[in-house]
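Reviewing the structure listed below.
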2 protein chains.
Amino acid sequence: MACRSRLAPIARRVSTPGLLRAARPSDINSIKALRCLPSTPARRFRDSAPRRGKFTTDSYPEIKRDPRFSRITADHVAYFRGLLGKDSALIDGVTADVSADDMEPYNGDWMRKYRGHCQLVLKPASTEEVSKILKYCNDNMLAVVPQGGNTGLVGGSVPVFDEIVVSTSRMNQIQSFDEVSGVLVADAGVVLEVADQFLAGKGYLFPLDLGAKGSCHIGGNVATNAGGLRLLRYGSLHGNVLGLQAVLPNGTIVDDLCTLRKNNTGYDLKQLFIGGEGTIGMITKVSIQCSQRPKAVNVAFLGADSFEKIQQAFREAKSQLSEILSAFELMDSYSQDMVHRVRQNKRPLDGEHPFYCLIETSGSNSEHDAEKLEKFLEDVMSKDIIADGVLAQDETQIKSLWSQREGITECVGHFGGTYKYDVSIPLKDLYRLVDETRERIEAAGLKGDTDEFPVVEVVGYGHMGDCNLHLNIAVRRYDKRVEEVLEPFVYEWIGKVNGSISAEHGIGIAKKKYLGFSRNDTMIDLMKQVKKLYDPNGIMNPYKYI
Amino acid sequence: MACRSRLAPIARRVSTPGLLRAARPSDINSIKALRCLPSTPARRFRDSAPRRGKFTTDSYPEIKRDPRFSRITADHVAYFRGLLGKDSALIDGVTADVSADDMEPYNGDWMRKYRGHCQLVLKPASTEEVSKILKYCNDNMLAVVPQGGNTGLVGGSVPVFDEIVVSTSRMNQIQSFDEVSGVLVADAGVVLEVADQFLAGKGYLFPLDLGAKGSCHIGGNVATNAGGLRLLRYGSLHGNVLGLQAVLPNGTIVDDLCTLRKNNTGYDLKQLFIGGEGTIGMITKVSIQCSQRPKAVNVAFLGADSFEKIQQAFREAKSQLSEILSAFELMDSYSQDMVHRVRQNKRPLDGEHPFYCLIETSGSNSEHDAEKLEKFLEDVMSKDIIADGVLAQDETQIKSLWSQREGITECVGHFGGTYKYDVSIPLKDLYRLVDETRERIEAAGLKGDTDEFPVVEVVGYGHMGDCNLHLNIAVRRYDKRVEEVLEPFVYEWIGKVNGSISAEHGIGIAKKKYLGFSRNDTMIDLMKQVKKLYDPNGIMNPYKYI
């Protein structure tokens, strides 16, 4: 459904009405599509068992186990076994021998940055079972970590000590879908891609899309208020989630599974669970407003000579593409060099540019959309805002161009590890953070081409349409010296420009101590009040968030 | 900017490619545009001083003044006078003689349904002044009613007894606007239309539009989570409000005036104030994500022979108009008869139909939008989904067609009064409530053409795109017998179909006792917990909401 007219290369841009060259299938096909993570975290971890990360307790020695929490006993296990009714509903490393490999998918995260000492995983099949589990845990002071697809980036879904993992994996049914209103009701453990594929069959889409969609659970998406690639178009989960079912630590079922778009009947309490990261309760079902699936999708990949020009292109895209603009993604040359270095693929554009952007349009009429996009491209090239670009000609090319953006995370991590910062910054200052971070790393003599330097590169990319920057520092190994250069520098910098230290990834364990750079003391006190109100024993996802 | 091709009348629909006739300027110009309420409630009430409503204390004799609240003394007034610094910042009916006319705009609502005994109105100019006022009130057990434009429909912004009105009217500055991100920061007392006109000059729009926009304040819009005419397109305030500043009863300033689209740093507490109706704090500033103002707007007014066909038209509109569909409004024949009866205007369509809908498209390219809309109209007429229709040819006709929808509220109230229900109902059942309510009213012998019957008509209309029905009972006078037929019948009916007893108007005093039809006991208990947490003395907007 992509634009059908072939566009000419940049060299001819002044005299020719068609300005951009089409992506050449030979270039594009050589780029392996890497959009989704492997399908389950379990398999991923079994495959890579030898590369386990450090225990969080070693990385964060200042975190001490809360002595109020009980140790898990055989009696506790027997209770849960009786409650869940079958052996496959729990992994018991307390009273039985369980291989570390079996426990690893629940104890470690996919980045190998966080790793807990959990010995008991529970897989309830219903909200009622979750309610009984949490009530029992609360009564017996057993700490709990709710866990979905475990694809988070801040350690929020990974235990630290011996917390019990309560997994959403067996609550994985789509409950209902209304084809007129577009409202989907589904269990928390439904994989995002499964939900989206179900909706595709009905002409709808899930109003959230992100790299981990093949693994992440929609309950986890809601619990972390995931943002993703198309928030620019479809808005945030605070707007799209119409209702949810959740369980409080005392076993109370919060049954607010409204399927109505408008419902002004009292405080909108469900909002506290959206982005609450499982610290006040566990989400078990979600009701969400889904959008019409666009019949036409077009993608262009453009190069520009400065960040100022990328900003101009964004302003023009908002104005000219307006209702069909569904993504405006930024990539710096360092990030694209990294993708090229790892994948050895041919680049989408012939020349190199300091900045690139990926523009996606989604609409109901492919001819109209192509016309708008072509007109926009002609405009930004004739004004010298954009230096060069390609326009995807088919679905394969669309995926390939997207993989230049979505592949960054993986390629940056290729060398050993990544320090990741997911931040919101007012647009005009957005890229300055990357430059200044790179300068600091270089000044400290930490970056170089050989193995003696811990840092490979400092790259910046992200969802420019949402002022959301991903600052990534690709490293050969995690190194205290690098950390000292990065922190608190990055957080202080963000605090000064009134940015957010976590745009979409959340707080988890990674950013807990830096919350003060984005929230004032009053707000933090009010948050602690909420935590105390709902989870007075503090059993829900302890050591994290607030 | 409307579609330019003239379309043929229904009689020629099979053989002619252009199917709909254009709205005739002569028809349309005779319809007086009545989109906005008078510009300030103050003037409105002064003009209609003789028609004051009953005191709420008379209509709801079961509500007793909370004896914990202090009576306002001269000392209290002196404190506030010293704090606010000038006489025009307060209306003092406690120690001075103030005419009832001066107090009436703050004591009564525009429907003349609710009326309080307030003797002191405070008009702070800043968040800091609000903070000092609320702290003093909390320390001295003085009850408070936050008030914006006082355009609400459920009595939420009107005092019941002698509560102090704290008005946002002097906090009315636009603080900032970012032309790249589209984020507006403004004081709570900015009139919605003023904000929207300011944004129009920048090529943006306020993502909310409603009939009272000439009077209502954006702080009140946020406090009541107003829905309005274009929620279908721009989504709810829970998604669009990025931040706010509010004051808790103890004087704490909740400074969460984030201007970032993504900010996952802890519980999203601001959401509790959105739709909290001033019961846990008073909003003083708002930060909101605004959308590009559409360059092209088209409006069609269509007639259909059944509610089933209107539903089909809605499904087709969603599918075919997709990203440019900005409103799909339902009107039954009874509502349109009422508009005709009051205004004596020529109807937009020659024939009469049981149901009408108004479809609006908003986009960035008028040719594309017109083409999509015409294709849609041809399709729904060729399939006999729609029986007849007109398409506005210019801005005047657009306004005139809208006034057929927006004028209903006023025309329904023309005969003396209106019982209003603003409810959400799953689409398939939406209109059944109107039919069944009419049957009950008729069966009780309460509806007729002469003065002895209290009921003039039972009409249904609303924001069909959001499953939001306005059930209105036009009456010659308020009558206990009518109320007994209506309630709890309407609320029970809604409870049975899992609807919402308040889609967008809120709870206020009108629906407080019916909350249980839309919320279970657990949810109500959790809400009470939140109220108690933030307002332990219960001074904020008492006798209402929860």
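Quantities reported herein were computed from a predicted structural model and do not represent experimental measurements. Residue numbers begin at 1 in each chain, while the letters A, B, ... track the order of the sequences. As a basis for the values below, the full set of heavy atoms in this structure was taken, side chains included, without hydrogen atoms, waters or symmetry mates.
Considering all non-hydrogen atoms of both residues, Asn264(B) and Ser500(A) come closest at N-OG, 4.2 Å. Across every non-hydrogen atom of Ser518(A) and Thr265(B), the tightest pair is CB-CG2, 4.0 Å. Of all the heavy atoms in Ser364(A) and Gln320(B), the pair that sits closest is OG-O, 3.8 Å.
Ranked by heavy-atom pairs under 4.5 Å with chain B, the first of Val183(A), Thr279(A), Val423(A) is Thr279(A). No other option in Leu248(A), Asp255(A), Asn365(A) has as many heavy-atom pairs under 4.5 Å with chain B as Asp255(A). Taking Asp178(B), Ile274(B), Asp268(B) one by one and counting their heavy-atom pairs under 4.5 Å with chain A, the maximum is reached by Asp268(B). Note: Gln292(B) leads Gln529(B), Gln292(B), His463(B), Lys511(B) in heavy-atom pairs under 4.5 Å with chain A. Each of Ser319(B), Gly182(B), Gly203(B) has some count of heavy-atom pairs under 4.5 Å with chain A, and the biggest count is that of Ser319(B). Comparing Val254(B), Ile253(B), Leu533(B) by heavy-atom pairs within less than 4.5 Å of chain A, the highest count is held by Leu533(B). Chain B forms more heavy-atom pairs under 4.5 Å with one residue of Glu277(A), Arg293(A), Glu371(A) than with any other, namely Glu371(A). Ranking Cys467(A), Gly235(A), Gly363(A) against chain B, the residue ahead of the rest is Gly363(A), based on heavy-atom pairs under 4.5 Å. For the options Gly276(A), Ser236(A), Gly266(A), Ser322(A), heavy-atom pairs under 4.5 Å to chain B are most numerous at Gly266(A). Options Asn468(B), Ile425(B), Ile524(B), Ile324(B) differ in how many heavy-atom pairs under 4.5 Å they form with chain A, and the most are formed by Asn468(B). Per-residue counts of heavy-atom pairs under 4.5 Å with chain A were compared for Glu504(B), Arg315(B), His505(B); the largest is that of Glu504(B).
Neither the backbone nor the side chain of Lys270(A) comes within contact range of chain B; no heavy atom of the residue lies under 4.5 Å from a heavy atom of that chain. Heavy atoms of Leu260(A) lying under 4.5 Å from chain B belong exclusively to its side chain. If you measure heavy-atom distances from Thr224(B) to chain A, the contacts under 4.5 Å come from the backbone alone. For chain B, the nearby parts of Pro426(A) are the backbone and the side chain; heavy atoms of each come within less than 4.5 Å. Only the side chain of Leu515(A) comes within contact range of chain B, with heavy atoms under 4.5 Å apart. Heavy atoms of Asn263(A) lying under 4.5 Å from chain B belong to its backbone as well as its side chain. With a 4.5 Å cut-off on non-hydrogen atoms, Thr259(A) does not touch chain B at all. In this structure, chain B has a heavy atom under 4.5 Å from the side chain of Thr522(A), while its backbone stays farther away. With a threshold of 4.5 angstrom between heavy atoms, Tyr545(A) approaches chain B through side-chain atoms but not through N, CA, C or O. Looking at Phe314(A), the atoms closer than 4.5 Å to chain B (heavy atoms on both sides) all sit in the side chain, from C-beta outward. In this structure, the portions of Asp466(B) lying under 4.5 Å from any heavy atom of chain A include both its backbone and its side chain. For Leu427(A), the part sitting under 4.5 Å from any heavy atom of chain B is the side chain, from C-beta outward, and nothing else. Proximity to chain B (any heavy atom under 4.5 Å) is restricted, for Tyr534(A), to the side chain, taken from C-beta onward. For a residue to count as touching a neighbouring chain, one of its non-hydrogen atoms must lie under 4.5 Å from one of that chain's; by this rule Asn225(A) touches chain B with backbone and side chain alike. In this structure, no portion of Gln311(A) lies under 4.5 Å from any heavy atom of chain B. Looking at Thr252(A), only its side chain comes within 4.5 Å of chain B, counting heavy atoms on both sides.
We find the CG-CG distance between Asn520(B) and Asp256(A) to be 8.0 Å, quoted to the nearest 0.5 Å. If you take CD on Glu323(A) and OG1 on Thr361(B), they are separated by 9.5 Å, rounding to the nearest 0.5 Å. Here NZ of Lys318(B) is found 3.0 Å from OH of Tyr204(A). Values are rounded to the nearest 0.5 Å.
A heavy-atom distance below 4.5 Å is not found between the side chains of Arg519(A) and Cys258(B). Between Tyr267(B) and Ile546(A), some side-chain heavy-atom pair lies under the 4.5 Å cut-off.
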Would you sort out whether Leu269(A) and Met523(B) count as a side chain to side chain contact (heavy atoms under 4.5 Å, CB included), showing the intermediate values?
CA-CA 8 Å; Leu269(A) 297 176; Met523(B) 291 308 293; 4.3 Å; yes
Before you tell me yes or no, could you show the steps for Ser181(B) and Lys428(A) under side chain to side chain contact (heavy atoms under 4.5 Å, CB included), namely the whole-Å CA-CA distance, both residues' side-chain angles and the distance that decides it to 0.1 Å?
CA-CA 10 Å; Ser181(B) 67; Lys428(A) 67 177 176 12; over 6 Å; no
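Within residues 237-246 of chain B, the residues that have a heavy atom under 4.5 Å from a heavy atom of chain A are His238(B), Gly239(B), listed by number.
By the 4.0 Å N-to-carboxylate-O rule, Lys262(B) lies too far from Asp422(A) to be salt-bridged with it.
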